[in-house]
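Inspection log for the structure reproduced underneath, given as structure tokens.
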Protein chains: 2
Amino acid sequence: MITFVKFSIMIDDEYYMRAALVEAERALEKDEIPIGAIIVCNDKIIAKAHNLTESLCDTTAHAEMQAFTSAFAYLGSKYLKDCTLYVTLEPCVMCAGAAYWTQIDRVVFGAYDLKHTTIKNKKQLYHPQTKITGGILADECAAILTRFFKMKR
Amino acid sequence: MITFVKFSIMIDDEYYMRAALVEAERALEKDEIPIGAIIVCNDKIIAKAHNLTESLCDTTAHAEMQAFTSAFAYLGSKYLKDCTLYVTLEPCVMCAGAAYWTQIDRVVFGAYDLKHTTIKNKKQLYHPQTKITGGILADECAAILTRFFKMKR
């Protein structure tokens, strides 16, 4: 039973991470660093966003930040307690700190970000109640970033 | 000479912190947690903002986040390199992480935030080039927060 539940969660995580990857593709089309994010609440996607730092000329316009704001606007609630954030790259300090304020239930990310891990254990930046899962479709999430940076060279 | 420069910086810091305090008062008028922020570039205030988490129903709508976005919109530049952020309360992890991406020259805050220091040394969250000064008009910055929370009890 436990194995089945675990398998089912994994399937869901991959399914939703593919939706986040679609958002990353949208960023790529705009010549933005391709990172996508979605927020799921009770099996429904309630927010979709992608990195817009170049388009908005704002280095804080990360996919996660916009997804949080969209989710709040949709739910009209103070916290994102029954929600899961799916994001193609491991959240940076800013986005982990934002997740803290949302009290989001889960954060699921794709590729690990080895470059911007400014502190050894990012886990401590999140709310104690937030569960973190990393490495979902990690290769695909990393590949789109590699493609972008190769194009830029 | 060094003493004079130091004294002059302190006077400027207090002057600009008072402008941030005016923003905190604006937040208080809206029944928001009274935190204000401004951004100064070459001795000119280019952004003013205050906490709007309740009004916008978005726990990430901190004064600093909005000040950063306003400053980017004003300057149209990729970074806030010649800028100083003045904020009445020590920035949280999210806002420190946001400051990292802006590469802002200086962050000056008023009251120390002992509650939300989730990590022992927040300094490591900032960009290595960002200089941090804390405790400017700390008592006044703390007093407006105390007033707000007393009203709420």
Side-chain angles (χ1 to χ4, degrees), chain A residues 32-33 35 39 47 49 51-81 83 85 90-104 113 115-128 130, chain B residues 32-33 35 39 47 49 51-81 83 85 90-104 113 115-128 130:
Chain A
E32 296 275 1
I33 298 176
I35 301 165
I39 291 176
N51 176 42
L52 282 174
T53 51
E54 293 293 327
S55 311
L56 298 181
C57 185
D58 182 347
T59 54
T60 70
H62 288 197
E64 301 94 312
M65 299 304 290
Q66 292 169 89
F68 288 143
T69 298
S70 292
F72 279 123
Y74 179 86
L75 293 175
S77 61
K78 199 164 179 171
Y79 302 109
L80 304 179
K81 283 197 176 180
C83 300
L85 166 76
E90 182 182 0
C92 70
V93 168
M94 170 181 72
C95 296
Y100 173 90
W101 293 112
T102 69
Q103 297 191 18
I104 198 161
D113 183 9
K115 196 179 166 195
H116 290 108
T117 298
T118 53
I119 57 162
K120 276 182 192 166
N121 181 13
K122 271 191 195 164
K123 182 83 180 74
Q124 65 185 300
L125 302 180
Y126 290 92
H127 196 276
T130 301
Chain B
E32 296 275 0
I33 297 176
I35 301 165
I39 291 177
N51 177 42
L52 283 174
T53 51
E54 293 293 328
S55 310
L56 298 180
C57 185
D58 182 347
T59 54
T60 70
H62 288 198
E64 301 95 311
M65 298 304 290
Q66 291 169 90
F68 289 142
T69 299
S70 292
F72 279 124
Y74 179 86
L75 293 175
S77 61
K78 199 163 178 173
Y79 301 109
L80 304 179
K81 283 195 175 180
C83 299
L85 167 75
E90 181 183 1
C92 70
V93 168
M94 171 181 71
C95 295
Y100 172 92
W101 292 114
T102 69
Q103 297 191 18
I104 198 160
D113 183 8
K115 197 178 167 194
H116 289 108
T117 298
T118 54
I119 57 163
K120 278 182 190 165
N121 180 12
K122 272 192 193 162
K123 182 83 179 76
Q124 64 185 300
L125 302 180
Y126 290 92
H127 195 276
T130 302

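Because only heavy atoms are used, hydrogens play no part in the values below, and waters and symmetry mates are left out as well, while side chains stay in. Here is how names work: the chains are called A, B, and so on, in the same order as the sequence lines, proteins then strands, and each is numbered from 1.
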Atom group of B:S77 that falls short of 4.5 Å from chain A, counting heavy atoms: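 Backbone only.
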
Under 3.5 Å, is there a donor-acceptor pair between the side chain of B:T60 and the main chain of A:A98?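 The answer is no, because no donor-acceptor pair under 3.5 Å joins these two groups.
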
Interface residue of largest heavy-atom contact number with chain A, from B:D58, B:T102, B:L75, under 4.5 Å: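 When all of B:D58, B:T102, B:L75 are compared, B:D58 has the most.
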
Select, from B:L56, B:T53, B:T59, B:L80, the one with the greatest count of heavy-atom pairs under 4.5 Å involving chain A.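 Winner by heavy-atom pair count: B:T59.
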
Could you check if a side-chain atom of A:C92 sits within less than 4.5 angstrom of a side-chain atom of B:W101, using non-hydrogen atoms only?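 Result yes, sub-4.5 Å side-chain heavy-atom pair found.
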
Between A:Q103 and chain B, with a heavy-atom cut-off of 4.5 Å, which part of the residue counts as in contact: side chain, backbone, both or neither?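 Neither; nothing under 4.5 Å.
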
